[in-house]
Every structure is written in C-alpha cells, then in structure tokens.
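Some notes on the structure that comes next.
By convention in this document, chain letters (A, B, ...) are assigned in the order of the sequence lines, proteins followed by strands, and residues within each chain are numbered from 1. In what follows, every heavy atom counts, from backbone to side chain, and hydrogens, waters and symmetry copies are set aside.
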Amino acid sequence: MKEYRPNEIEKKWQDIWEEKRVFEAKDDKSLPKFYALVEFPYPSGEGLHVGHPRSYTALDIVSRKRRLEGYNVLFPMGWDAFGLPTENYAIKHKIHPRIVTEKNVERFKKQLKSIGFSFDWSREINTTDPDYYKWTQWIFIKLFEKGLAYKKEMPINWCTSCKVGLANEEVVGGACERCGGEVVRKVKNQWMLKITEYADRLIDDLELVDYIERVKTQQINWIGRSEGMEVYFKIAEKEDVLKVFTTRPDTLYGATYMVIAPEHPLIEKYKDIIENMDEVRKYQEYVSKKSDFERTELSKEKTGVEIKGLKAINPVTNKEIPIWISDYVLMTYGTGAIMAVPAHDSRDWEFAKKFNLPIVEVVKGGNVEKEAYTDTESGILVNSELINGLEVKEAIEKISNWLEEQGLGERKVNYKLRDWVFSRQRYWGEPIPLVECEKCGWVPVPEDQLPVMLPEVENYEPTDTGESPLANITEWVETNCPKCGGKAKRETDTMPQWAGSSWYYLRYIDPHNPNALASKEELDYWMPVDWYNGGMEHTTLHLLYSRFWHKFLYDIGIVNTREPYMKRTSQGMILGENNEKMSKSRGNVINPDGIVAEFGADTLRTYEMFIGDFEKAVPWSENGVKGCRRFLERVWRLQDIVVTGDEYTKELEASIHKTIKKVSEDYESLKFNTAIAALMTLLNEFNDSGKITKADMKTFLILLNPVAPHITEELWEIIGLPGMLHESQWPKYDEEKIKEDILELPVQVNGKVRGTIMVNVDDGQEVIKEKVKENKGIMKHLEGKQIVKEIFIPGKIYNIVVK
RNA sequence: GCGGGAGUGGCGGAAUUGGCAGACGCGCUAGACUUAGGAUCUAGUGUCCUUUGACGUGGGGGUUCAAGUCCUCUCUCCCGCACCA
C-alpha cells in the first residue's frame, strides 16, 4: 500500500474532472434539473476565508450526490466584484480597481479550484464585466421606465475633513474611519427604488417557497407591515395638518403632545414663526451627527426641544397640545411625526417624565404613574368619551370608523421597509444609465448603446463637493439627449454593489447571451433555483433585493417564476480558535490554503462539514482538522482489507443499508456532521470485521465521495472498481434490511431506568411483563411496593409506576 | 432600542422531536508495538461517594408515568439594523 498523499491525488483528479468537463451542466433538457446556488464571493484582497468553503462544500455535496442520482446539475460560480474595499485599495495604491479585481479573482479562483468544488467554470461570471453590467443597467432602465426609480433628497455621511461621502461602515463612533474627522449628514438628491411597492408580495409569496423559518421571520419583521390609522392633527391657527401613523388610535384621547423628527419639513416652513429657532437649529445640528441606529437606542437619556409658537390640536379632545422635536422620531419611518401617548407607550412615557409633560391614562389596567401600560389584551378604555368602557380592539374599530367619517383620518398600512437608496458617489460601480436633458428631463440611454462603460479616470477619490469621481470627467458627463439631441449630462452616481448580485443567478443560466440577460428557453428549463445557501447576514438586504428584482422581472415578462429561489438555507459562521470572529486585527484568521497544503482538500472539506451543527457558529480547531485527516487515513487503509465479492458482507449488510439511509437523508437536510459520524461508525465496523467485500467498499466510497471526492475516486481506481466513481450511481437502501427483530427495551421504575430486557419487535405487553419478572435487577426496585400503573410504548420504553 | 438566534462533559457536538442524555470526533489517562513518533493499535474517560447509588442539558418555578425537548419567569452570549460584503 502506498502512503496517502493528498496533494498528489487531489491535483490528479482535479485535472481529470476539468479535462473531461464532468461538472459542466448538460444541454439535455429531457433530464431532471437541479440548480444549486451559493453566494458568489466578493474577491477581497485577503483571499478566501475558511467561511467560504463551509457554504460551498455543503452545496457541493448536494450537487455531487444529485449528479450520481441522475440529475442535470447546474452549480455555478462567479464574482461579485464591484465594491468599496477594492476602490479604497485602488485609491491608496494608485492602481486601477480593474487590475486589483483581476488579481484578486485569479487568486480566489485558484484557491477554490484547489478545494475541488464541482463548479461549472464554463459559466463563470463577473459583475464588473461590461457584458454583464450591460444587463444590470438594462434592468435599471426597465425599473425607471415603470416608474419604480425616482429621485429623492436623502442624507449621506459626510466627512467634514476629507470632504467625501462615507459608507456607514466607514463611520466609527460618529467619526471618519480614515482621518478621525467629524462626520455629519449631508442631504443629496439620490436615486431610489420603490421596493415598498412590492412589500406585500414579498411577505405573501414567502408561502410559495421553502426557506428556513428564521429567514422567513426575519424578512417579515424587516418589512414590518402594520395596519393602523393615519390621523390628522391640525396646526393651531394655521392651514397645515400634521399626519401621524398609529396602530393605537384607541389611545387618541391620551395624546398629550406631539413629536416630529428634527428634519421634518414643517420646521423650515414655519422657521419665521418659531420663537426658539436658535435652540431648534442647535438641536438639529446635534442630531445630524447621529445615525438612525444611535437615535433609537432606548438606553440613552431622552433629548428634545419644544417648538415654541406652534401648537397642534388633538382631533378628539380639541385641546391644544405642544409640538416637540426629538431624535427618537425618525423621518424615515411613517410620516416622520408621532402623537405621543405617554400613558401607553414606553418611549413617550420616558420622554414625558423627563420633560414634565402630562400623562393621561386612557386604558385601565396598569399603573401609569410607574410605567407605560402597553397591554392590548385586557385593558378597558377610560377618559375617552366616544369609546369609554370598550376593550382595546373594539375601541380601535370604533374610533377608526369615526375618524374616517369625520375626515380626520384614514386607515393605512405602514411598513418598516424603506425604499432602496440606489445611488453611490463612487467610481467602482455600474454607471447609472441615465442622461439629464435640459428639455426632456431624465432620459434613459437607449438599449443599443448599453453598456454605459465606466470611463478611465486618473483619480478615484470622490470629489470634494460630494459628487462621484465621474463628475470630474467633463467629456464623459457632457453628452447629447437620446430623445431630442440637445445638450444633456450623464448621471455620475453609480449603483450600489447590491445591483449586480440582485440578478446574477439568472445570468449563470445563459452567461454568454449577447441578446438577452438569458434566453427564454434556458430560463424555462433552469428556473427557479432549487436550493440557495448563504449567510444569515444577507437575509434582509441581498435576499430581499433580489426577490424584489425577480418579481419585477416577472411582472415585465422576462422570467417565468414568481420567486427566484425555491429553498433557502443558511450556514453558521466559523469563528477563530478563541471563539471570536476571525479578523486580521484579532490575528486569528485561518487561511484555507495552509490547511489544503498541510492536510489536503479532502481533510478541509471533511472537517468543515464535521465541525459542528451546520447552521450554528463554531470555533475553528486545529485538532479537529487532524482528527478528520486521521479518519481519511483510516479510509485509505481500508484498501488492505478489501476482498473480492459482489455482495455485501452478511454481518455488515444491515449497517450498510442503515448508513445509506442516514447519509442520504442527512446530506439533504444540512446534517453533514451526523452523516460523517455515521460513516465513521461504519468504518469502525468494517475494521472490526477484519475484511470487507468490494461491494461494501464501493457503497462506502460513493457515500463519502461528496464530502471527500478525491480520495474516494483514487481508492475506487486502486481497488479496481469499473469506470470512475463520478460515473457511478447513488446506492439504494432496503428498508426491510434495516429492521431489527430483537431489540433492547429500557425498563423504568418511577421514570428511572432500572434495567433493560431483550424483546421481539412484536411482543405484547403481557409478554414483556413476564420478561420483566425474570429480571432480578428490576424486580428489586419493585419489592414491597404497590404497582399503580404500567406504561408500554412499543419499541421505546416500559415504565412501571409504584407507590 | 428593534428584529433574529443560541446556551448539553475539559472541547466541537449527538439525541428517531416527550421515551436509556452524552452517538461520532477531539483532548486526556493507562497499556501494547516500537527504527522514539505530533505514527498505529487496545482499554478507559459527565460529576460525586469505595459500592448499592445519587446528581446532571445557563438559572428558578411548573405540566407529565416520563422533560435537553412542552409552559412560565429569568440570566448570559452571538448576529443584523438599510452606503461593508
């Protein structure tokens, strides 16, 4: 027997697979298809992370299994290559981001290939490729044409010292990550996409798909649909009306003041009337330095300023109430204004306590002097003329009807989900393919002129006015209107990184098509994606964005399915050995290259699948890696005990059938760790038996193949099985052979196991009773006791209750 | 703060979904073989007492013949929060 040298055999088989193109999806549309998708990586400068192979190996296993089951499998890979880190690297090192990207992609590709994933590399895509982003731009134009893209004033993070716009991530504790300078919010006119128009469908259609539960709930909560009332509060002595959204119109009689967001337009409108405008301005400035996230933190002290000179009128009590501004009210949620009911909302309660505002109880049930009473199940309305004595639910109904009749409000559905800010003041992204004409306004670039290519620039830094670097290239910006031929300017903002990843699964289907994002024929065959695995962190942004785009493409007749992904699963994170997130600064990063070089790709793959519950975060363990290498060494040594034979060894037969069942099911249900454990157990039985037939070995090798594809192919060849493993078929099991006739039944006395008896599967309670009597160990616990009850669960347990 | 998730030996985890807690692997202990090695093989390994046994799934309370699993209160940790990908 030769020594097990993974580096040699892994290279050998990777070359064979590539040369024979065994993992390329087939053209034969008569075959059943299986489309497996993993999130394509952002090719960062750091190279592949051990977290990537966790997700990739999982679906590689499923893909390899499905191929052996006769499916036509599409398992593609590509690059989500636009992005901030590449751009920042390019700025710092004065290298074009395209070159940085090429270099990173090359490295990633080499790394992925060394791990032996069965990707169909003939369909590789790259979001920064003009042939690709042509279609990203095309989709944007369609969205624009259907009125789903619009311009709106939105704040960006602005570093006052670098004079550039910053991503949220680049703002650390209110300061610029690069220079430590002060960051404020600066308003810019930006492109937005109306994802909110699809909010209901994004919730409802979750019923059509098989996503793990936590993904569904997280999406539903992120969209945050709530039904309530928009109530109109008149501004005293003015024509204006302040609209607020509330889910608790029943508490309207308890609304003792109002709070509007510090950025609320009302303030600008009445700036000449507001008596304490200086104070208001100061507070606005203070708030402009905070993120929405910081603003809504409850733990902090409430802050705010009363707007003097403006009052609102409570529509049911007709009393004048004060209007405040406070940072806990966000312009981005609801109407940017709230009615404050301190007795029945905890944030309002805290605010009222701090500023000595009146707290009026309108739902009886708690002690509103001590805390807000927010229960909606058991309270009874008081101090509320029209709805006194009603329960909360009835009160909401009645007051809502009344408000609608009086024209003081309207039933509304509100969402937490906000429209998608689609503009970035950056270079390394898809140019937004629109032109602003002096006469015609915003005009899309005609389809035959796509893609709008990213022009070459000298300097990738955003301009000090907050414009994208493209704004400096006059000859690019200045163009003619496609409609009227007159003078026009190109949009200089680029798209966010999410754009390219919102439809990439469609391009894999027909990656080289110059005439369409994918042909109808191919889409009909391959869509939807059967199984999409990726990180939990993409649940509320990427996953939702791509579902939104897909639904839009469905609406305009491009795709034929309402949902892009039939099934969505999610892996846990791999942490450093010290149980902390892997990061350069913590110095606990594990490089997969090192593991492949030292232990082999099969060991890396096996370990990543055996490391723990696939869906949970787990710390890396070098010893665990060694253990998996040892397992593969034992597998390697099996070749010494193989004897000829086309049938399973009699004594091993039941175990083999059981293992086929277990492994087949576990691979499909993300329980890779227990599948491998089952294979280890079978291996131990093989070794105990001393010799195994070729048939035993063959089944074992096929079952292990998806996890450790190289060693199993090699052993297949060594022991002389016909053809190559990847050409064989997934084994079947026989349920009859798994059944055991005799089993050990635990016997409990008062719920505690006192012994076991051997029983036949079909033994009745009477037979078992007799067998118990023969067992001295158990009978001892019954001495001098009176049997009260006996419980027999066939095949599980026999419990005797005594007094 | 809001939303999602997780707590089981020294460690990663398993438990047919209410039925023998700790499969499998790591680590550790002892032994065997040694051309002394981070190799391989054998045995042991939740905690406590010498044994019968008792205790044991973050903590408290409950339901049940039976609870890691169900109910209730509570503590701790992790992830996301819209311009990172």
Base, sugar-phosphate or nothing for [X]? Non-hydrogen atoms, less than 4.0 Å.
X	value
A:Gln425	base
A:Phe610	base
A:Leu575	nothing
A:Arg214	sugar-phosphate
A:Lys416	base
A:His542	nothing
A:Ser621	nothing
A:Ser44	nothing
A:Ile800	nothing
A:Glu170	nothing

Among [options], which nucleotide has an atom closest to any side-chain atom of [X]?
X	options	result
A:Asn673	B:G13, B:G4, B:C20	B:G13
A:Ala677	B:A23, B:C65, B:A85	B:A23
A:Glu744	B:C20, B:A15, B:C83	B:C20
A:Asn221	B:A85, B:C20, B:G3	B:G3
A:Leu541	B:U17, B:A14, B:A85	B:A85
A:Thr217	B:G5, B:C84, B:C65	B:G5
A:Glu537	B:G80, B:G38, B:G13	B:G80
A:Pro746	B:U17, B:C20, B:A23	B:C20
A:Met573	B:C79, B:A23, B:C65	B:C79

Can you tell me how far [atom1] in [N] sits from the matching atom in [M], rounded to whole Å?
N	M	atom1	result
B:G7	B:G56	C1'	16 Å
B:A67	B:A21	C1'	11 Å
B:G9	B:G4	C1'	29 Å
B:G1	B:A23	P	40 Å
B:G31	B:G25	P	23 Å
B:G22	B:G10	C1'	14 Å
B:G62	B:G18	C1'	16 Å
B:U16	B:A6	P	16 Å

Exercise. Using a 90° cut-off around 0 for syn, call B:U47 syn or anti.
Key: anti
Practice problem: Tell me whether B:G9 sits syn or anti, counting syn as a glycosidic angle within 90° of 0. | Solution: syn
Below 4.0 angstrom, N of the basic side chain to O of the carboxylate: do [X] and [Y] qualify?
X	Y	result
A:Lys581	A:Glu537	no
A:Glu491	A:Lys151	yes
A:Lys739	A:Glu735	no
A:Arg629	A:Glu633	yes
A:Asp763	A:Lys771	yes
A:Lys188	A:Glu467	yes

Quiz prompt | Short side-chain N/O contact to B:G38 OP1/OP2 from A:Asn623, under 4.0 Å | solution = no
Quiz item: Does OP1 or OP2 of B:A6 have a side-chain N or O of A:Lys616 closer than 4.0 Å?
Solution: no
Side chains of [X] and [Y]: do they bring a donor and an acceptor to under 3.5 Å?
X	Y	result
A:Glu790	A:Asn799	no
A:Asn414	A:Ser226	no
A:Ser546	A:Tyr504	no

Quiz item: Can the ring centres of A:Phe422 and A:Phe140 be said to be less than 6.0 Å apart?
Solution: yes
Quiz prompt | A:Tyr607 ring center near A:Trp620 ring center (under 6.0 Å) | solution = yes
Using atom [atom1] of [X] as one end and atom [atom2] of [N] as the other, report the distance to the nearest whole Å.
X	N	atom1	atom2	value
A:Tyr42	B:C83	OH	C1'	14 Å
A:Asp80	B:C84	CG	C1'	11 Å
A:Trp498	B:G80	CH2	P	12 Å
A:Ile195	B:A82	CD1	P	14 Å
A:Arg185	B:C83	CZ	C1'	11 Å
A:Lys796	B:A15	NZ	P	13 Å

Practice problem: Identify the nucleotide, in any strand shown, that forms a Watson-Crick or G-U wobble pair with B:G3, with both distances under 3.5 Å; if there is none, say none. | Solution: B:C79
Practice problem: Please give the nucleotide sitting opposite B:G27 as a Watson-Crick or G-U wobble pair, both distances under 3.5 Å, or none. | Solution: B:U45
Quiz item: Looking at B:C65, does its base get a donor-acceptor pair with the side chain of A:Asn799 below 3.5 Å?
Solution: yes
Quiz item: Checking only heavy atoms, does the side chain of A:Gln190 share a donor-acceptor pair with the base of B:C83 at less than 3.5 Å?
Solution: yes
Quiz item: What does nucleotides 40-55 of chain B look like as a protein-contact string, B for base, S for sugar-phosphate only, - for none, at under 4.0 angstrom between heavy atoms?
Solution: SS-----------SSS
Quiz prompt | Residue whose nearest RNA chain B nucleotide is more 5′ - A:Phe614 or A:Ile793 | solution = A:Phe614
Quiz prompt | Comparing A:Ile156 and A:Glu213 on RNA chain B - which has the more 5′ nearest nucleotide | solution = A:Glu213
